[in-house]
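Encoded as structure tokens, the structure appears first; notes follow it.
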Amino acid sequence: MVLTHTTVLLQEAVSALLNLHEDAKPDAAPRRFVDATFGRGGHTRLLLSQLAAADRVTVFDKDPQAIAVAHALADARVDVRHEGFANLGALPEASVDGVLMDLGVSSPQIDDPARGFSFRFDGPLDMRMDTTRGESVADWLAYAEVQQIAEVIRDYGEERFALPIAKAIVARRQAHGPLATTAELAQLVAGSVRTREPGQNPATRTFQALRIFINAELEELQQALAAALKVLKPGGRLVVISFHSLEDRIVKNFITQHSREVYDRRAPFAAPKPLALVAGARIKPSVQEVEANARSRSAIMRVAFRTAQPWADVAGVEGRP
């Protein structure tokens with residue numbers, strides 16, 4: 001089975017990373033960009049097509065399949081790192097011209113039954129972004145207590161039937177052994193959810209919650225945003241595409257916190273320190289893009305620009321996550 005991926009907000013994201021008026025100068029210094037969530041490389045490919053031979057792109061991804069695609073680019077300008085994007089903080093301070101984060105799960109991950117991300121296909125209950133390490137959803141559900149499971153489903157899936165679902169999971173485990181497949185989980189959730197929004201599968205929120213939890217997605221996003229602030233040059237661009245409210249809320253709050261003057265709690269009467277970011281555009285897919293790719297409908301892209309404020313002056317003051 002050939003698994004394809006349509007990159008969301010492709011032109012918009014790359015245009016936001018590049019200042020075409022300044023970056024097009026023939027004598028411009030070499031630039032460095034970060035694709036913090038490479039996926040299948042749609043954004044990186046377009047970005048490379050607009051960069052000079054001396055420019056560089058560092059790409060991060062947890063998924064071994066994505067890393068294989070990145071290596072297949074065979075482009076000397078690309079530095080491939082099989083790591084989560086929180087590790088972009090290991091790059092030198094103020095060394096990057098633009099950071100792109102395209103959050104969530106990719107179509108090839110969703111559409112591959114062996115990955116266990118989707119209730120639409122029967123497969124092992126895995127959901128790990130990095131299949132080389134860590135425990136799967138099935139591993140965790142084999143021992144987690146009712147309250148733990150309920151908290152995860154409620155907090156990360158915003159599921160109002162989290163407790164009945166959690167009780168059903170543990171009751172099933174005690175009676176017949178742990179859940180092992182996506183079909184088993186989807187069927188169990190369907191029997192525990194009394195009402196659901198029209199057109200939405202009853203298991204949607206539960207699958208989202210377990211995926212986010214098992215991959216520590218929200219915690220890693222917070223770490224990655226702080227790291228991006230450290231590695232961006234003055235004037236560097238932060239571009240983040242999110243697909244659900246939990247992610248977007250974190251991104252929005254981060255940009256808001258760092259787009260205002262902040263105060264040193266240790267010196268309350270001192271002058272406020274200058275802002276670290278300038279908030280830019282908030283962009284959603286066009287009607288045409290949504291019609292061509294339904295999975296883009298929930299996407300929101302936020303853009304911010306790094307100011308000249310040194311990282312050392314930002315650290316330790318109110319407003320840092």
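The 12-atom threshold is exceeded at CZ of Arg160, counting heavy atoms of other residues, nucleotides or ligands nearer than 6.0 Å. The environment of NZ in Lys252 is sparse: at most 12 heavy-atom neighbours from other residues, nucleotides or ligands sit within 6.0 Å. Atom CD of Gln187 is surrounded by 12 or fewer heavy atoms from other residues, nucleotides or ligands within 6.0 Å.
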Exercise for the section: Apply side-chain contact (heavy atoms from CB on, under 4.5 Å) to Asn201 and Phe207, showing your working. Expected result: CA-CA 10 Å; Asn201 187 289; Phe207 271 66; over 6 Å; no
Exercise for the section: Given side-chain contact (heavy atoms from CB on, under 4.5 Å), test Glu158 with Leu246 step by step and report yes or no. Expected result: CA-CA 9 Å; Glu158 300 178 301; Leu246 296 175; 4.0 Å; yes
Handout entry: side-chain contact (heavy atoms from CB on, under 4.5 Å) assessment of Gln109 paired with Gln65
Key = CA-CA 9 Å; Gln109 290 170 324; Gln65 295 177 0; 5.8 Å; no
Exercise for the section: Output, in order, the C-alpha distance, side-chain angles, deciding distance and verdict of side-chain contact (heavy atoms from CB on, under 4.5 Å) for Val99 and Leu232. Expected result: CA-CA 8 Å; Val99 174; Leu232 280 169; 3.9 Å; yes
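A distance of 5.5 Å separates CG in Leu185 from CD1 in Ile169, rounded to the nearest 0.5 Å.
Contact of the Ile212 side chain with the Val152 side chain is not registered, since no non-hydrogen atoms from C-beta on lie closer than 4.5 Å.
A salt bridge is absent between Asp139 and Arg128: the closest approach of a Lys/Arg side-chain nitrogen to an acidic carboxylate oxygen does not fall below 4.0 angstrom. Between Arg115 and Asp112, no side-chain nitrogen of the basic residue sits less than 4.0 Å from a carboxylate oxygen of the acidic one, so the salt-bridge criterion is not met.
Side-chain N or O atoms of Thr206 include none that pairs as donor or acceptor with a backbone N or O of Ala203 at under 3.5 Å. With Asp61 contributing its side chain and Ala66 its backbone, the two residues share no donor-acceptor pair below 3.5 Å. Of the possible donor and acceptor atoms, none in the side chain of Ser296 sits under 3.5 Å from a partner among the backbone N and O of Val8. No donor-acceptor distance shorter than 3.5 angstrom exists from the side chain of Ser118 to the backbone of Asp111, with no hydrogens or angles considered. In terms of modelled atom types and a separation under 3.5 Å, the side chain of Arg172 and the main chain of Glu184 share no donor-acceptor contact. Here the side chain of Arg77 pairs a donor or acceptor atom with the backbone of Leu48 at under 3.5 angstrom. His82 contributes no side-chain N or O that, together with a main-chain N or O of Ala68, makes up a donor-acceptor pair within less than 3.5 Å. Between the side chain of Arg173 and the backbone N or O of Leu179, no donor-acceptor pair lies under 3.5 Å. Between the side chain of Glu12 and the backbone N or O of Pro285, no donor-acceptor pair lies under 3.5 Å. Listed for the Thr37 side chain is no donor-acceptor partner under 3.5 Å among the backbone atoms of Leu103.
With hydrophobic clusters built from ILVMFWY side chains whose heavy atoms lie under 4.5 angstrom apart, Leu73 shares a cluster with Phe33. Neither Leu188 nor Phe121 shares a network with the other; the hydrophobic side chains, linked directly or stepwise wherever heavy atoms of I, L, V, M, F, W or Y lie under 4.5 Å apart, form separate groups for each. In the hydrophobic clustering of this structure, Leu17 groups with Leu46; members are Ile, Leu, Val, Met, Phe, Trp, Tyr whose side-chain heavy atoms approach within less than 4.5 Å, directly or through other members. Under a hydrophobic-cluster definition in which Ile, Leu, Val, Met, Phe, Trp and Tyr are linked whenever side-chain heavy atoms come within less than 4.5 Å, directly or via other members, Tyr143 and Leu125 are assigned to the same cluster. By the rule that hydrophobic residues join a cluster once side-chain heavy atoms approach within less than 4.5 Å of another member, Val105 and Met101 end up as members of one cluster.
Residues Ser107 and Arg295 bring a donor and an acceptor atom of their side chains to less than 3.5 Å of each other. Residues Asp35 and Thr44 bring a donor and an acceptor atom of their side chains to less than 3.5 Å of each other.
Between Ala190 and Pro202, the shortest heavy-atom contact is CA-CB, 4.0 Å. In terms of heavy-atom proximity, Lys62 sits nearest to Gly84 at CG-CA, 3.7 Å.
Leu218 pairs with exactly one of Gln223, Glu247, Arg249 by the side-chain contact (heavy atoms from CB on, under 4.5 Å) rule, that one being Glu247. Of the options Glu217, Glu159, His244, a side-chain contact (heavy atoms from CB on, under 4.5 Å) to Gln208 is made by His244 and by none of the others.
Between Trp140 and Phe213, the two ring planes are tilted [angle within 30° to 60°].
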